[in-house]
Amino acid sequence: MKEIIITNMGKIAPKHENKHKKYEFYKYEVTDSQEKYEVFSPNEGNQTVVAFYALPPGKSAYPFHYHTTNEEVFYVISGNGILETYTENYQITAGDVIVCPVGEKGAHKIMNSSQTENLVYLDVDTNNTPDIAYYPHSNKIGIRAAGGIRDNFSLDGKIGYYDNE
């Protein structure tokens, strides 16, 4: 981070994403999340990525996943939701803090369980690169690394290390 930031959701223009029927969100970026992976050295970017999210009723921001390098912390500001984990689903509500460690034990998906109001939360992530996110329900991985690498791969078509060499 290059300087102290003092802000709130009302001062940030949201980015709306609605590319899939289950996933829709409004993202209010406090720190530039694109900078997270477009830098060429981990020391160039922010050490944390911070954003507010507003999820419409019945929607999620991201599929069920976990990270191999980065931790995530969520603070629920308003609304009600469901936190899906490997072991069970938890009801979440305003005032709850969710800490997702690296690895399978940190696997998570947040969904708005309300039919009428948005679920609003603050998302604070560490910013280590490279990071691999594993998506157990769809058997894929997402690779994010310095230099703008942002790719997703299905694990159904695994090949051997020396294949095609």
Side chains of [X] and [Y], donor plus acceptor under 3.5 Å:
| X | Y | answer |
| --- | --- | --- |
| T93 | N80 | yes |
| N128 | R144 | no |
| D125 | N70 | no |

Heavy-atom check, side chain of [X] versus side chain of [Y], under 4.5 Å:
| X | Y | result |
| --- | --- | --- |
| L83 | N89 | no |
| N112 | S60 | no |
| T69 | V102 | no |
| H108 | F74 | yes |
| I110 | Y121 | yes |
| Y53 | Y62 | yes |
| K15 | E29 | yes |
| Y86 | P136 | yes |

Pick from K109, H65, E84: which one makes a side-chain hydrogen bond (donor to acceptor under 3.5 Å, both in side chains) with H137?
E84
Tell me whether the centres of the aromatic rings in Y66 and Y135 are closer together than 6.0 Å.
no
Is there a side-chain contact (heavy atoms from CB on, under 4.5 Å) between V49 and T31? Walk through the geometry before answering.
CA-CA 6 Å; V49 176; T31 59; 4.1 Å; yes
[atom1]-[atom2] distance between [X] and [Y], expressed to the nearest 0.5 angstrom:
| X | Y | atom1 | atom2 | value |
| --- | --- | --- | --- | --- |
| E165 | I159 | CD | CD1 | 8.0 Å |
| Y134 | T68 | OH | OG1 | 12.5 Å |
| N139 | D156 | CG | CG | 4.5 Å |
| N118 | I77 | CG | CD1 | 11.5 Å |
| I98 | I92 | CD1 | CD1 | 4.0 Å |
| I6 | K11 | CD1 | NZ | 8.0 Å |

Let me check something: do V73 and M9 share a hydrophobic cluster, defined by ILVMFWY side-chain heavy atoms less than 4.5 Å apart, either directly or through other members?
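Yes, one cluster joins them.
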According to the interplanar angle, ranging from 0 to 90°, do the rings of F52 and Y28 count as parallel (below 30°), tilted (30 to 60°) or perpendicular (above 60°)?
perpendicular
Side chain K59, main chain K21, donor-acceptor under 3.5 Å:
yes
Which atom pair, heavy atoms only, marks the closest approach of [X] to [Y]?
| X | Y | value |
| --- | --- | --- |
| A145 | P130 | CB-CB, 3.8 Å |
| A51 | K27 | CB-CE, 3.9 Å |
| Q91 | S113 | OE1-OG, 4.3 Å |

Given the rule in the side-chain contact (heavy atoms from CB on, under 4.5 Å) test, do E72 and D123 qualify, once you have shown the distances and angles that lead to the verdict?
CA-CA 7 Å; E72 294 183 279; D123 179 359; 3.9 Å; yes
